[in-house]
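I have placed the structure first, in the form of structure tokens, so that the comments after it can refer back to it.
For clarity, every value in this text was computed on a predicted model and none was experimentally measured.
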Amino acid sequence: MHTRMYVNGAWCPSARGQCLAVINPHTEELICEVSAGDAGDVDTAVAAAAAAFAAWSHSSGAQRAGYLRAIALGVEQQKDALAHLQSLNGGKPLAESAMDVADVIATFNYYAELAEQLDATAEQTVVLPSADFQASYSREPCGVVALIVPWNFPMVTTAWKLAPALAAGCTVVLKPSEVTPLPELALAAIIDAAGLPPGVFNVVPGTGTAVGEPLCTHPLVSKLSFTGSNAVGSLVMQAAAGSVKGVSLELGGKSPILVCADADMDLALSLVLGDPFDSRTQMGPLVSQLQYERVMRSIAYGLDEGLELVTGGHRVPGMACGYFVAPTIFHNVPVQSVLWREEIFGPVLCVRSFSGDAEALALANDSAFGLVATVVTADPVRAKWLARELQVGLVWINAPQVILPQTAWGA
């Protein structure tokens, strides 16, 4: 298990020797400590990425595709161990972690194909209205890219960002979540074994303040990709504005599920809570003590608002350890309620009845978010119509939340 930073092709401690405690959310026990960087470590990593950019950006798409496929193969060869590590560090059920690892493999292979296509489309002729001039355009990598990823999809969100960045010829500095750094460090080891040139990919664990903020403001970082909350995303954009960086944000969601009267209730409901390594488990613990406290505060807020609590609202009885919150349902939640409008990131469901599809769409689309949605109905025509009318980036119909790299994600 790697617990150090990965910078310029080498495993190294943080310059000042700081560490982060990594906790198993199921047992609340210490797994290990990992090196935690600061602005100085960020500067070292960015300098390494900047130095590697010239050679990497001039490699062919076919060469980069070879590395991406080698990474995919490395993940495939270690898929069981990586799924186990995901569940150990993040608390996900093992079956879901296995799906995540499969997504990582598919993503690197998908962008390998796109990297190969770059060689044929590197320079395109522009048709002009005058024969006196000739023009062309080319696709070029933007430079050093900083990637800041969350705790809910370790390795997956990284793959979504890292694979296209490498395919395009960019070099990368990655900040994993301080809560779930172990899968990202395991991925770094696979990338190292694939022979990626030193400096092309670097990992600096640490907090948002110590590592994330210096990445956002670093003058040698040309592009920033962040996944997280709306509030932090706003701060990231403000920080990046000082040096006029390109910014891509994938922020929060309050994703609706429309359960119609003819829906299969077993498909719409039926989650089993428990040990992530028990094959019967469909939902594990929350990822950390901090997240547990946040979710419990949201529940307390709903009770203070006088919302109708149907079930849950407390720690799971009989579980002496682990950050478990009992599945919680509030019924007839007013649309102006904080619980209805804001992301909770925990097993808290706010329910409202609807008398027709128009009302359901109005409720679902009255949101500050537009990430994804789910429709559960036995009528395929109705399902497709509802999907078209939902103002979100991706709609699942009678399906679990499976993500494929060929599809879009979010709005």
Side-chain angles (χ1 to χ4, degrees), residues 22-28 31 72 75-108 110 149-161 176-177 179-187 190 227-228 250 252-253 255 257 264 266-288 291-292 295 316 319 322-328 343-349 371-374 376 394-407 409-410:
V22 182
I23 305 298
N24 180 333
H26 176 221
T27 64
E28 301 183 43
I31 300 172
V75 175
E76 172 72 33
Q77 291 171 338
Q78 299 184 38
K79 61 183 181 181
D80 292 340
L82 291 170
H84 185 278
L85 187 62
Q86 287 250 29
S87 294
L88 178 72
N89 193 175
K92 282 190 178 187
L94 191 58
E96 185 176 343
S97 294
M99 290 174 60
D100 285 355
V101 174
D103 191 358
V104 173
I105 297 167
T107 298
F108 277 101
Y110 173 71
V149 299
W151 50 259
N152 56 331
F153 285 98
M155 284 206 308
V156 176
T157 309
T158 294
W160 292 351
K161 298 175 188 293
S177 166
V179 180
T180 55
L182 298 183
E184 261 63 39
L185 292 172
L187 179 61
I190 291 170
T227 298
E250 189 231 315
S255 304
I257 175 170
D264 180 343
D266 287 335
L267 179 66
L269 305 172
S270 207
L271 285 177
V272 178
L273 189 70
D275 182 344
F277 295 104
D278 187 325
S279 61
R280 296 167 296 180
T281 296
Q282 296 171 295
M283 185 169 68
L286 296 175
V287 74
S288 67
Q291 191 62 25
Y292 173 86
V295 172
V316 177
M319 291 188 175
Y323 307 125
F324 288 97
V325 174
T328 300
E343 187 174 40
I344 299 173
F345 243 118
V348 181
L349 183 65
L371 191 61
V372 296
T374 298
V376 187
L394 179 66
V395 179
W396 289 283
I397 298 174
N398 298 327
Q401 295 187 350
V402 175
I403 305 295
L404 300 172
Q406 292 81 4
T407 61
W409 172 247

field: Approximate separation, where rounding is to 0.5 Å, of Ile403 CD1 and Leu394 CG
entry: 5.5 Å

statement: Taking every heavy atom of Pro276 against every heavy atom of Gly91, the minimum-distance pair comes out as CG-O, 3.4 Å

task: Would you sort out whether Val372 and Val395 count as a side-chain contact (heavy atoms from CB on, under 4.5 Å), showing the intermediate values?
output: CA-CA 6 Å; Val372 296; Val395 179; over 6 Å; no

- prompt: Between the main-chain N or O of Ala326 and the side-chain N or O of Thr328, is there a donor-acceptor pair closer than 3.5 Å?
  reply: yes

task: Assert yes or no for the condition that the ring centre distance of Trp151 to Phe345 is strictly below 6.0 Å.
output: yes

- prompt: Which distance, rounded to the nearest 0.5 Å, do you find between the CD of Glu76 and the CD1 of Ile105?
  reply: 4.0 Å

- prompt: Could you state the interatomic distance from CD (Gln78) to CD1 (Ile190), rounded to the nearest 0.5 Å?
  reply: 4.0 Å

- request: Return yes if some donor-acceptor pair links the side-chain N/O of Glu28 with the main-chain N/O of Gly322 below 3.5 Å, else return no.
  value: yes

- request: Working to the nearest 0.5 Å, report the span between CD1 of Ile23 and OG1 of Thr180.
  value: 13.0 Å

message: Closer than 3.5 angstrom, by distance alone: can the side chain of Trp396 be matched with the main-chain N or O of Val402 as a donor-acceptor pair?
response: yes

task: With rounding to the nearest 0.5 Å, note down the distance linking CD in Gln291 to CG in Asn152.
output: 9.5 Å

message: Walk me through whether Val316 and Val325 qualify under side-chain contact (heavy atoms from CB on, under 4.5 Å).
response: CA-CA 6 Å; Val316 177; Val325 174; 5.8 Å; no

Chi angles and distances behind the side-chain contact (heavy atoms from CB on, under 4.5 Å) call for Asp103, Trp160: CA-CA 9 Å; Asp103 191 358; Trp160 292 351; 3.5 Å; yes

- request: Search all heavy atoms of Gln282 against all heavy atoms of Leu271 and return the closest pair with its distance.
  value: OE1-CA, 3.3 Å

message: If you apply the rule side-chain contact (heavy atoms from CB on, under 4.5 Å), what do you find for Leu88 with Ile31, and how did you get there?
response: CA-CA 8 Å; Leu88 178 72; Ile31 300 172; 3.8 Å; yes

task: Would you name the heavy atoms of His26 and Asn24 that are closest together and state the gap between them?
output: N-OD1, 2.8 Å

- prompt: Between the side chain of Lys92 and the main-chain N/O of Ala98, is any donor-acceptor distance below 3.5 Å?
  reply: no

message: Under a 3.5 Å distance rule, please check whether Glu184 uses its side chain to pair with a backbone N or O of Pro176 as donor and acceptor.
response: no

- prompt: Backbone N or O of Leu273 within a donor-acceptor pair of the Thr281 side chain at under 3.5 Å?
  reply: no

- prompt: How close do Leu286 and Pro347 get, heavy atom to heavy atom, and via which atoms?
  reply: CD2-CD, 3.9 Å

field: Asn89 (side chain) donor-acceptor with Pro154 (main chain) under 3.5 angstrom
entry: no

- prompt: Okay, side chain of Ser87, backbone of His84: is any donor-acceptor separation there less than 3.5 Å?
  reply: no

query: Are any non-hydrogen side-chain atoms of Met283 and Val272 less than 4.5 angstrom apart?
result: no

- request: Kindly give the heavy-atom pair with the smallest separation between Val101 and Ala83, and that separation in Å.
  value: CG2-N, 3.8 Å

message: To check you understand the geometry: which heavy-atom pair defines the closest contact between Gly90 and Val287, and what is its length?
response: O-CG2, 3.8 Å

Spatial distance of atom OG (Ser97) from atom CG (Asp80) [nearest 0.5 Å]: 11.5 Å

field: Distance-only side-chain donor-acceptor flag, Thr157 / Thr227, under 3.5 Å
entry: no

